Visitor: 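Please read through the structure below; I'll follow up with questions.
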Amino acid sequence: MSLTVEQVKARNQDLIKEVLEVYPEKTAKRRAKHLNVFEEGKTDCNVKSNIKSIPGVMTIRGCAYAGSKGVVWGPIKDMVHISHGPVGCGQYSWAARRNYYIGTTGIDSFVTMQFTSDFQEKDIVFGGDKKLEKIMDEIQDLFPLNKGITVQSECPIGLIGDDIEAVSKKKSKEYGGKTIVPVRCEGFRGVSQSLGHHIANDAVRDWIFDKSEGKHAEFVGTPYDVAIIGDYNIGGDAWASRILLEEMGLRVIAQWSGDGSIAELENTPKAKLNVLHCYRSMNYISRHMEEKYGIPWVEYNFFGPSKIEASLREIASHFDDKIKEGAEKVIAKYKPMMQAVIDKYKPRLEGKTVMLFVGGLRPRHVIGAYEDLGMVVVGTGYEFGHNDDYQRTTHYVKDGTLIYDDVTGYEFEKFVEKVQPDLVGSGIKEKYVFQKMGVPFRQMHSWDYSGPYHGYDGFAIFARDMDMAINNPIWGLTKTPWAA
Amino acid sequence: MTQSTNNVLDHFNLFREPEYIDMFEAKKKNFEFPHPEDKVAEVRDWTKTWEYREKNFGREALTVNPAKACQPLGAVFVAVGFEGTMPFVHGSQGCVAYYRSHLSRHFKEPSSCVSSSMTEDAAVFGGLNNMIDGLANTYSMYKPKMIAVSTTCMAEVIGDDLNGFITNARNKGSVPEDFPVPYAHTPAFVGSHVTGYDNALRGILSNFWEGKTRAANGKINFIGGFDGYTVGNLREVKRMFDLMGVEYTILADNSEVFDTPADGEFRMYDGGTTLADTEAALNAKATISMQQFCTEKTLAYAAEKGQEVAAFNHPVGVAATDKFLMEVSRITGKAIPAALAKERGRLVDAIADSSAHIHGKKFAIYGDPDLTLGLASFLMELGAEPVHVLSTNGGKEWEAKMQELFESSPFGKGCHAYAGKDLWHMRSLLFTEPVDFLIGNTYGKFLERDTGTPLVRIGFPIFDRHHHHRYPVWGYQGGMNALVTILDKIFDEMDKNTNVASKTDYSFDIIR
């Protein structure tokens, strides 16, 4: 029996009150500001965001290092990224994000490797700069085809006063101007991954752009040059996007940063338009390129045919008729295939409800794809979103949607228990919690080892995967048949 | 356009379609400014040489693809082995996200753990308030019976005083006066996850044992150590102890919490050593550790309290299990029953049946210090040769012990132990001195790809194969599992190498 919107709102408000009861008073007050029920017509979700997580509550968030090494820099394939500090950070993030790339790993590509300075007590006591210098020498020696090095700082670096900038400059000079990028992404900085994205963006600005003038003189631009910004090529997402942009007549000169290379970063200021998928993690560099090089940027959404269609037209609107016609051709070409996907899966998924909790752009961007399949997103929230994300979310969510920022383990479990969605989309830490509860689940960071989900090719996979999660026969067997 | 609803192509096949292959080539040629292909081939071939190996082993500062994690992971692994216990890691919050993900990816289970979420202000002023608020929140939200505190490197570098902070939090009412909050300093820049296991367990035991008078009884304590097979192994050990009639306490029994049912209920806590048993464990006659290098401080502490202690090195196989059971029998005075003797006989029988396929095969092994000792000893028992044995978190003592093991058998002749080395070193070893098989964790698949050495997955973490952690590798039955795991790979390789019709398939036998 379905509830009316007003009933849903009342239920959700009660639910928020209920979860807050578990907290000590001070914590309840703070958490209350992160939870809300969306009211149609509002220009904001009216939750606080991008502020410190509360100790002890089991936040799902990560850290600045994860935002820089794990998200922005790690996928740049022809550079060596040093996890600078103790061994753990690099170990846990080693090859875990599925940023697909093509290259000979260990020879000219290094994405799925773990380079660490493996700090020992003496490095903490005496400082790690000398060790870092030696590490760079050894990288040059053993990995001679690397096209650059980044230093991804872990917590101790900023606390013991190491000067990784000086080391980077010195070594760069010694190696004839090699690109070496110190990144101050210590895990204690900021409140989540988000500051790490920003710091990583700034490092590109300061240590790549400012030094790339005059490089790649052989690069010849065209009026149709664009750069894909903020696509990490999880399971091949950026590839499934690139193919559409190229089909409509554009030339993709760079991918940031999935399957990206340093030459692509260096040449991006020659683009005519930056197309931005993950606004959260790469709006900073897009704004910088707009200010410094006059490159406009446009946000797009390649999840599900409705949003893809709108996005292709929006991107095309920045170009001449040739591209606009190209966009229409692409839309027309894929329409029958998309219709076939919807015809197959919509009858199996119509009316199913979804609760999301993800990072970056996905808490809003995937809503359209679910709706294309007749599904309804009834709750959503961001791990590390800011206010501008929640403002953008209002264009996607329905009246009465439950909104939860930086949700705690307890809150998420209770929300799902009461709302009883047909599917939860979140991360690896959440997956098994909900599956134990008998709730179908898909990881929406790693695509649960599937993908791509972007683009027209990706939507077919997305639809198949949601169907296989929800209509998995095992969910009918979680209860013992002999129990009363 | 290749996608169709009848056959949805995902990443496995989609990108092999011609339009994607063309796209990749154009991207590379026009925008990546790549090194020439012959240059890449030249360097790739160079990395296979002895010259490269020497340079590689000459590394003094850089670590590439290590086979070890950091201390707090081990501390979290220990904490969830106690009844109703929430691990609480004091320091930066991102670390906790990493431990939880890492454990969940291996066990395919939830992994509950909280952080005190220290940020820049705490870096300057210390994390006292984070401890006070954090303990209060965890206590009210997750209703634990115990909160086990460990630390990230951030808290260690700034020198937070755990004992003082916890006392302070207690005084402020974060948790009740008598609520157990054991703690351990677990700096990531000392040792590895096995060190963290040791420190955390010692911390928990001392929380319950300090100030108490010991009244020795006939029970024994059993400690598994950091073990990716903890679910299967601890259950197997309990079964064997029950068969023997041994009275025991498993310390840090996480075999339930890492194997909960999908029956509609999420169990944040499940099973675990009860707090009463933990306290009473002081009175045990002896404490037995299955992994010496995971429990050095813990065993020293138990010995200090007057218990007899015994340590093994992740025993796998016939002789190692014999030694373990006989030691348990000696300590407890309980005989090894006929049922176990029969299991032993079955393992001997199985090894005899399959020996021809393993005898003389050369292996490389890497992993934690105790695991590599256990596996090397098992391989020699099978008549195989553990040619390269590498442990990133193994030290001089481990190396000496491994050398001693090699010397104990003709199958150890010419075998080498590599302490403190990483998987990039292993890559050079496999190129310059090839072996037939490699035993290691999931990361070994990169070595398998590069060197063509078939990987037998035994270790932690195993992310890309499912459910093996539910099967033991300890005990005679565990030995059987380890044997079959190795044999399956050997037979698969035989078939793979003999399946070319009219060329090699004369050896494609149906009976082996």
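What you see is a predicted model; the values in this text were computed from it and never measured. So that the names make sense, note that chain A is the first sequence line, chain B the second, and so on, each numbered from 1.
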Visitor: Determine the option with the most heavy-atom pairs under 4.5 angstrom with chain B, choosing from A/Asp343, A/Leu145, A/Val19, A/Val22.
Guide: A/Leu145
Visitor: So which atom in A/Gly56 and which in B/Thr138 form the shortest heavy-atom distance, rounded to 0.1 Å?
Guide: O-OG1, 2.8 Å
Visitor: Check whether any side-chain heavy atom of B/Glu109 sits under 4.5 Å from a side-chain heavy atom of A/Lys436, and report yes or no.
Guide: yes
Visitor: A side-chain contact here means heavy atoms from C-beta on lying under 4.5 Å apart; do A/Lys52 and B/Asp121 qualify?
Guide: yes
Visitor: Evaluate the side-chain proximity of B/Phe266 to A/Phe434: yes if any heavy-atom separation is below 4.5 Å, no if none is.
Guide: no
Visitor: Tell me, side chain or backbone of B/Thr152 under 4.5 Å from chain A's heavy atoms, or both, or neither?
Guide: neither
Visitor: Taking the six-membered ring for Trp, are A/Tyr92 and B/Tyr99 parallel (under 30°), tilted (30 to 60°) or perpendicular (over 60°)?
Guide: perpendicular
Visitor: Can you tell me if B/Asp263 uses its side chain to pair, donor with acceptor, with the backbone of A/Thr478 under 3.5 Å?
Guide: no
Visitor: Just verifying a value: how many Å separate A/Glu138 CD and B/Glu60 CD, rounded to the nearest 0.5 Å?
Guide: 6.5 Å
Visitor: So which of A/Asp118, A/Leu132, A/Val433, A/Thr59 has the biggest tally of heavy-atom pairs under 4.5 Å with chain B?
Guide: A/Val433
Visitor: Ignoring hydrogens, what is the shortest heavy-atom contact between A/Met58 and B/Cys113? Give both atom names and the distance.
Guide: CG-O, 3.3 Å
Visitor: How close do A/Pro156 and B/Val157 get, heavy atom to heavy atom, and via which atoms?
Guide: CB-CG2, 4.0 Å
Visitor: Counting heavy-atom pairs closer than 4.5 Å to chain B, which one of A/Ile82, A/Thr408, A/Asp78 comes out on top?
Guide: A/Thr408
Visitor: Most heavy-atom pairs under 4.5 angstrom with chain B, which of A/Glu264, A/Lys131, A/Lys344?
Guide: A/Glu264
Visitor: Using only atom types and a distance under 3.5 Å, with no angle test, would you say the side chain of B/His35 pairs donor to acceptor with the backbone of A/Asp108?
Guide: no
Visitor: Search all heavy atoms of B/Leu14 against all heavy atoms of A/Ile461 and return the closest pair with its distance.
Guide: CD2-CD1, 4.5 Å
Visitor: Look at the rings of B/Phe33 and A/His216 and say which category their plane angle falls in: under 30° parallel, 30 to 60° tilted, over 60° perpendicular.
Guide: tilted
Visitor: Under 30°, 30 to 60°, or over 60°: which ring-plane class applies to A/Tyr100 and B/His11, parallel, tilted or perpendicular?
Guide: perpendicular
Visitor: Determine the option with the most heavy-atom pairs under 4.5 angstrom with chain A, choosing from B/Tyr52, B/Phe12, B/Phe88.
Guide: B/Tyr52
Visitor: Indicate yes or no: at least one non-hydrogen side-chain atom of A/Gln91 is less than 4.5 angstrom from one of B/Leu73.
Guide: no
Visitor: Rounded to the nearest 0.5 Å, what's the gap from CZ on A/Arg189 to OG1 on B/Thr119? Could you check?
Guide: 11.5 Å
Visitor: Out of A/Val341, A/Ile243, A/Ile124, return the one with the most heavy atom pairs under 4.5 angstrom to chain B.
Guide: A/Ile243
Visitor: Scan side-chain atoms only and decide if A/Lys431 and B/Ser104 contain a donor-acceptor pair under the 3.5 Å cut-off.
Guide: no
Visitor: Quick one: closest heavy-atom pair of B/Tyr20 and A/Trp239, and the distance?
Guide: CE2-O, 3.5 Å
Visitor: When you compare the side chain of A/Pro24 with that of B/Tyr139, does any pair of heavy atoms fall below 4.5 Å?
Guide: no
Visitor: So, for B/Phe31 and A/Val252, which heavy atoms are closest and what is the spacing to 0.1 Å?
Guide: CE1-O, 3.3 Å
Visitor: Contact part of B/Tyr142 toward chain A, heavy-atom cut-off under 4.5 Å: side chain, backbone, both or neither?
Guide: side chain
Visitor: Please determine whether side-chain contact (heavy atoms from CB on, under 4.5 Å) holds for the pair A/Ile54 and B/Asn137, giving the CA-CA distance in whole Å, both sets of side-chain angles, and the decisive distance to 0.1 Å.
Guide: CA-CA 8 Å; A/Ile54 302 168; B/Asn137 286 325; 3.2 Å; yes
